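To start, the structure under review is shown below, and the notes come after it.
Since this is a predicted model, take the numbers as computed values, not measurements.
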Amino acid sequence: MFMRYEARIRTVEGYMGRLRSDEYAYKSEETTELLVGLIYYAMHSLSRINAAEWSSFLVMFRDAKQKALARTKNDTEKTANYNGAVSLLLATFEKYIHYLRSIDGPVVRQMNTAG
């Protein structure tokens with residue numbers, strides 16, 4: 001069964017795998033920079049959907065970025081904010097995959113009934 005957004009779903013799953021890896025475990029400000037870079041890259045690469053739908057994802061990406069970059073008093077707060085940003089980003093990616101699958105569903109059904 002062919003899905004129109006299969007490649008994009010795999011891309012998002014790749015982002016999720018990276019976020020769950022040791023590479024993105026909070027270590028220092030450099031890790032935060034790495035996370036923010038991933039957020040910007042994901043925002044650019046995933047923005048090619050319906051503009052009305054994209055706006056809700058854009059808000060979620062921005063919220064994750066703001067949480068990661070929030071000023072804190074100590075490392076404990078910084079780590080908590082960073083981990084919260086990663087959680088928000090993972091939730092955004094899961095919602096994005098769900099969205100793509102929901103718009104692919106009617107196409108797949110049409111293809112199955114046409115043959």
What donor-acceptor contacts under 3.5 angstrom involve side-chain atoms of residues 89-96, with partners at least two apart or in another chain?
residue, atom, partner, partner atom, Å
T92, OG1, L88, O, 2.8
Y96, OH, R8, NH1, 3.1
Y96, OH, L46, O, 2.7

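Sorted by first and then second residue, the ring pair (Phe, Tyr, Trp, His ring centres under 6.0 Å) pairs with a member in residues 64-87 read Y26-Y82; sequence neighbours excluded. Under the side-chain hydrogen bond (donor to acceptor under 3.5 Å, both in side chains) criterion, the residue pairs touching residues 34-46 are Y15-S45, Y40-K65, with sequence neighbours excluded.
From K27, atom NZ reaches atom CG of L34 across 8.5 Å, with rounding to the nearest 0.5 Å. For the atom pair CG (D104) and OH (Y99), the distance works out to 10.0 Å, reported to the nearest 0.5 Å. Going from atom CZ of R62 over to atom CE of M43 covers 5.5 Å, rounded to the nearest 0.5 Å. Rounding to the nearest 0.5 angstrom, the gap separating the CD1 atom in I49 from the CH2 atom in W54 is 6.0 Å.
In this view, R18 and Y24 satisfy the side-chain hydrogen bond (donor to acceptor under 3.5 Å, both in side chains) rule, not counting sequence neighbours. For N74, the side chain to side chain contact (heavy atoms under 4.5 Å, CB included) criterion is met by T76, E77, not counting sequence neighbours. Residues passing the side chain to side chain contact (heavy atoms under 4.5 Å, CB included) test with E13, sequence neighbours excluded: I9, R10, I97, R101. Looking at residues two or more places apart in sequence or on another chain, you find no salt bridge (Lys or Arg N to Asp or Glu O under 4.0 Å) involving E23. Annotation: salt bridge (Lys or Arg N to Asp or Glu O under 4.0 Å) contacts of R71 (sequence neighbours excluded): none. Partners of S28 by side chain to side chain contact (heavy atoms under 4.5 Å, CB included), not counting sequence neighbours, listed by chain and number: E30, T31. Taking A85 as the reference, L35, K67, A68 meet the side chain to side chain contact (heavy atoms under 4.5 Å, CB included) condition, with sequence neighbours excluded.
Side-chain atoms of S56 do not come within 3.5 Å of backbone N or O of A52 as any donor-acceptor pair.
V86 and V59 fall into different hydrophobic clusters, defined by Ile, Leu, Val, Met, Phe, Trp and Tyr side-chain heavy atoms under 4.5 Å apart, directly or through other members.
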